[in-house]
A.B. asks: 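Here it is, the structure, as structure tokens.
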2 protein chains.
Amino acid sequence: MARRAHTVTIVDVAREAGVSKSSAARVLAGRGSASPATQQRVQDAAERLGYRPNALAKAMISGTSNTLAIVIPDVASPFFSAVVRGASDAAHAAGFEVLLGNTDNDRDIQARAIDVLREKQVDGFIVAPVFEDDPGSVRALVDDDIPVVLLDRRMPALADVPLVSVDHIAASRAAVEHLIELGHHDIAIVTEAAGSLDELRGGTDDAHTLRPSHQRLLGYLDALQAHGIPVDPALVLSSAYDADSARAAVAEALQSRRFTALYCTDSVLTLGAYTHIVDSDLSLPGAFSFVGFDDQEWTTLVRPAVTVVDQPRYRLGAATANMLIARIRRIGEVPSDMLLDAQLITRASTSRPV
Amino acid sequence: MARRAHTVTIVDVAREAGVSKSSAARVLAGRGSASPATQQRVQDAAERLGYRPNALAKAMISGTSNTLAIVIPDVASPFFSAVVRGASDAAHAAGFEVLLGNTDNDRDIQARAIDVLREKQVDGFIVAPVFEDDPGSVRALVDDDIPVVLLDRRMPALADVPLVSVDHIAASRAAVEHLIELGHHDIAIVTEAAGSLDELRGGTDDAHTLRPSHQRLLGYLDALQAHGIPVDPALVLSSAYDADSARAAVAEALQSRRFTALYCTDSVLTLGAYTHIVDSDLSLPGAFSFVGFDDQEWTTLVRPAVTVVDQPRYRLGAATANMLIARIRRIGEVPSDMLLDAQLITRASTSRPV
DNA sequence: TTGAAAGCGCTAACAT
DNA sequence: ATGTTAGCGCTTTCAA
């Protein structure tokens with residue numbers, strides 16, 4: 001695989017301009033000094049030859065590639081694609097390019113992605129890590145002093161690594177309080193973290209090293225407790241991370257226990273749960289109130305439109321990239337953590353119980 | 001911005017192993033010959049020191065960065081995010097990484113993105129170009145012999161550049177024929193290409209240098225013509241590229257002209273048009289049949305579920321990347337064009353007219 | 001089999 | 001102000 005046929009280098013420009021390589025380099029880089037005459041000749045020559053700097057060569061010397069790696073489960077998901085867009089925009093605005101890695105939440109794939117991107121000498125990493133006990137390559141990155149900012153989640157083993165995330169607890173609390181304030185008492189939650197109900201009650205000290213799903217469940221518990229409503233485990237509907245499981249969980253719960261409101265803690269679960277609602281004979285919001293997660297396109301399309309917790313996805317990506325860049329550039333005291341607020345968008349799917 | 005503190009290079013490994021730089025290089029690259037003893041010592045040393053090759057240095061020499069650029073309007077869109085995922089997977093499978101550029105369909109932004117990525121010495125480009133008369137930087141790329149594969153669209157000025165796209169005409173034809181076969185005669189279409197109705201009738205010679213929206217309109221015309229149904233301009237609803245415009249177009253048309261079926265030629269227009277339908281008193285599919293574009297999440301959530309034209313987004317991205325890689329590697333005769341078939345998914349929103 | 005040396009395209013002292 | 005030189009980390013002749 002030979003090099004491109006006609007690559008014009010700085011040497012070619014220098015020759016064409018009749019100056020030394022370093023003179024050409026100086027005017028092309030706009031650094032150092034050069035006589036107006038030289039500048040002119042070099043610029044003309046560069047123009048004439050169609051000179052384009054080789055960023056790789058520059059990177060070799062400076063040790064800086066002006067490239068960020070962003071390692072996430074899946075760009076094709078509505079959440080992460082918006083995040084990537086935000087990160088990408090922020091990166092470009094600061095003169096960085098973005099190298100993309102998908103992990104499918106698989107430990108080994110993540111490890112491979114990180115290693116390859118490392119070899120490409122990226123200046124830093126944005127990682128939405130596979131949530132496991134073993135932090136794997138992410139730890140290696142941090143230990144080798146490569147700038148890393150975590151996105152959306154952080155396991156205990158990475159507690160020392162900066163994080164940009166949404167305040168999942170507060171978001172969840174707001175959603176449930178909205179229902180409580182409307183007058184609901186029997187509020188069910190669909191969660192993939194139900195297994196940890198007991199541990200969760202222990203303490204919330206290191207809440208920021210819990211999975212987002214756990215944090216969201218925590219917010220639910222918080223809200224109930226704050227309003228003196230006892231937690232009924234029968235209303236904590238456990239679901240796997242797929243729509244159909246959520247649908248089934250809701251269907252089953254509706255048969256065995258009466259409740260007037262349902263809160264879903266994730267976009268996929270929201271979709272599944274709503275699928276059941278739409279096919280049931282429940283009439284929203286009179287007989288039943290529904291709160292979803294993430295402001296998906298369909299939530300305003302269905303009738304009644306769905307009240308949701310809206311995560312600032314784009315801003316999340318942008319903030320993460322900006323924090324990473326600040327760390328790369330070692331700008332002052334970069335805060336180590338940043339929590340963005342989600343927003344509760346109240347629509348017609350929630351109302352006071354009848 | 002100094003180089004990372006402790007970067008262990010091939011020289012370090014060589015020293016540690018007590019061999020020359022070139023010997024170390026040989027075993028590390030697995031090329032050339034080295035005695036078993038040397039191999040062992042070098043590998044041990046590399047392991048001990050935690051050696052990681054510098055892909056940039058390699059790229060400088062080989063002239064190959066094993067990196068692809070993918071330049072699209074917006075990763076945050078459902079269509080392109082899936083495409084990117086497909087391209088990314090195919091690229092990784094072939095040992096390439098992916099550098100991402102968003103253009104927002106803006107000429108200048110596209111130009112800047114392409115230039116920067118070029119300087120990073122990517123081996124090739126996937127571009128979903130801003131559809132304009134002036135091909136700009138894309139032309140420059142091609143003229144400089146940098147491998148490019150176009151994605152989804154190709155203007156006349158780039159007619160000589162390979163393209164991977166969906167067969168928009170056939171897709172559209174299938175959708176409309178489905179309606180015709182159900183017995184519909186008065187079939188409206190929502191399109192952003194209505195202005196070109198007259199030119200379109202001219203000829204379809206260079207159909208692959210028309211905008212996708214034009215091609216889809218063409219498929220509609222084809223289907224009608226093939227079944228001897230005259231085209232009624234009043235049923236070609238012109239819309240800007242936004243949901244609300246589509247909504248308004250449909251609302252207006254329903255007041256002035258009777259028709260029993262509606263076909264939307266794009267996901268955004270589909271959303272807008274459906275918004276009106278859902279708020280109207282039309283009962284689907286009895287009184288009215290509806291065909292949307294792109295299999296969006298909500299199309300199976302609403303009742304009746306929506307019949308749609310489903311584009312193979314992921315495969316589109318994967319095929320594009322694979323074609324680009326084949327060209328980069330100059331593998332045999334790489335086909336210059338590739339059209340994937342979209343699939344009509346018939347659901348409950350279409351039925352015979354009553 | 002191994003090592004010495006040149007060089008990819010560029011930057012950055014250091015002289016002049 | 002300009003040129004010479006060394007060198008980033010690696011590969012690749014070319015000798016030995």
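Chain A is the first sequence line, chain B the second, and so forth, proteins listed ahead of strands; every chain is numbered from 1.
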A.B. asks: Can you name the side chain to side chain donor-acceptor pair (under 3.5 Å) partners of A:Asp160, sequence neighbours left out?
C.D. replies: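 Residues passing side chain to side chain donor-acceptor pair (under 3.5 Å) with A:Asp160: A:Arg139.
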A.B. asks: Rounded to the nearest angstrom, tell me the gap between atom CG in B:Leu56 and atom P in D:dG9.
C.D. replies: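 In whole Å, D:dG9 P lies 11 Å from B:Leu56 CG.
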A.B. asks: Can you list the residues that meet the side chain to side chain contact (heavy atoms under 4.5 Å, CB included) rule with A:Val166, with sequence neighbours excluded?
C.D. replies: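 Listed in chain order: A:His168, A:Gln311, A:Pro312, A:Leu316, A:Ala342.
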A.B. asks: With sequence neighbours left out, write down each residue that passes salt bridge (Lys or Arg N to Asp or Glu O under 4.0 Å) with A:Arg154, or none if nothing qualifies.
C.D. replies: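 Here the qualifying residues are A:Asp337.
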A.B. asks: Report yes if at least one side-chain N or O of B:Ser33 is closer than 4.0 Å to OP1 or OP2 of C:dT1; otherwise report no.
C.D. replies: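 Checking C:dT1 against B:Ser33, a side-chain N or O does come within under 4.0 Å of OP1 or OP2.
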A.B. asks: Would you mind reading off the bend of the helix from C:dT1-D:dA16 to C:dT16-D:dA1 from its two end axes, five pairs each, to 10 degrees?
C.D. replies: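 Axis-to-axis angle, ends of the helix: 50°.
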A.B. asks: Just by protein heavy atoms under 4.0 Å, how would nucleotides 10-16 of chain C read 5' to 3' in B, S and -?
C.D. replies: BBB----
A.B. asks: In whole Å, I'd like the distance from the CZ atom of B:Arg15 to the C1' atom of D:dG9.
C.D. replies: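 These atoms are roughly 13 Å apart.
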A.B. asks: Quick one: side chains of residues 30-38 of chain B, donor-acceptor pairs under 3.5 Å with protein atoms, not counting sequence neighbours, listed by atom name and distance.
C.D. replies:
unit_1	atom_1	unit_2	atom_2	d
B:Ser35	OG	B:Thr38	N	3.1
B:Ser35	OG	B:Thr38	OG1	2.8

A.B. asks: Could you tell me which residues satisfy salt bridge (Lys or Arg N to Asp or Glu O under 4.0 Å) with A:Arg327, sequence neighbours excluded, listed by chain and number?
C.D. replies: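 None.
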A.B. asks: Using the test salt bridge (Lys or Arg N to Asp or Glu O under 4.0 Å), find all partners of B:Asp104 that sit at least two apart in sequence or belong to another chain.
C.D. replies: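 B:Asp104 satisfies salt bridge (Lys or Arg N to Asp or Glu O under 4.0 Å) with A:Arg85 once adjacent residues are dropped.
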A.B. asks: Between the side chain of B:Thr103 and the main-chain N/O of B:Gln110, is any donor-acceptor distance below 3.5 Å?
C.D. replies: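 Judged by distance alone, no pair lies under 3.5 Å.
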A.B. asks: Please list every donor-acceptor pair under 3.5 Å in which a side-chain atom of residues 10-22 of chain B meets a protein atom from a residue at least two apart or in another chain.
C.D. replies:
unit_1	atom_1	unit_2	atom_2	d
B:Asp12	OD2	B:Thr9	N	2.7
B:Glu16	OE2	B:Arg48	NH1	2.3
B:Ser20	OG	B:Ser22	N	3.4
B:Ser20	OG	B:Ser22	OG	3.2
B:Ser20	OG	B:Ser23	N	3.2
B:Ser20	OG	B:Ser23	OG	3.4

A.B. asks: What contact category does A:Ser35 fall into here, base, sugar-phosphate, or nothing, at under 4.0 angstrom with non-hydrogen atoms?
C.D. replies: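 If one applies the 4.0 Å heavy-atom cut-off, A:Ser35 turns out to touch the sugar-phosphate alone, with no base involved.
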A.B. asks: Just the rounded figure in Å: distance from P of C:dC8 to CD of B:Glu119.
C.D. replies: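 Taking atom P of C:dC8 as the reference, CD of B:Glu119 is at 20 Å.
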A.B. asks: D:dT2 phosphate, OP1 or OP2: any side-chain N/O from A:Ser23 under 4.0 angstrom?
C.D. replies: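 No, because none of the side-chain N or O atoms of A:Ser23 sits under 4.0 Å from OP1 or OP2 of D:dT2.
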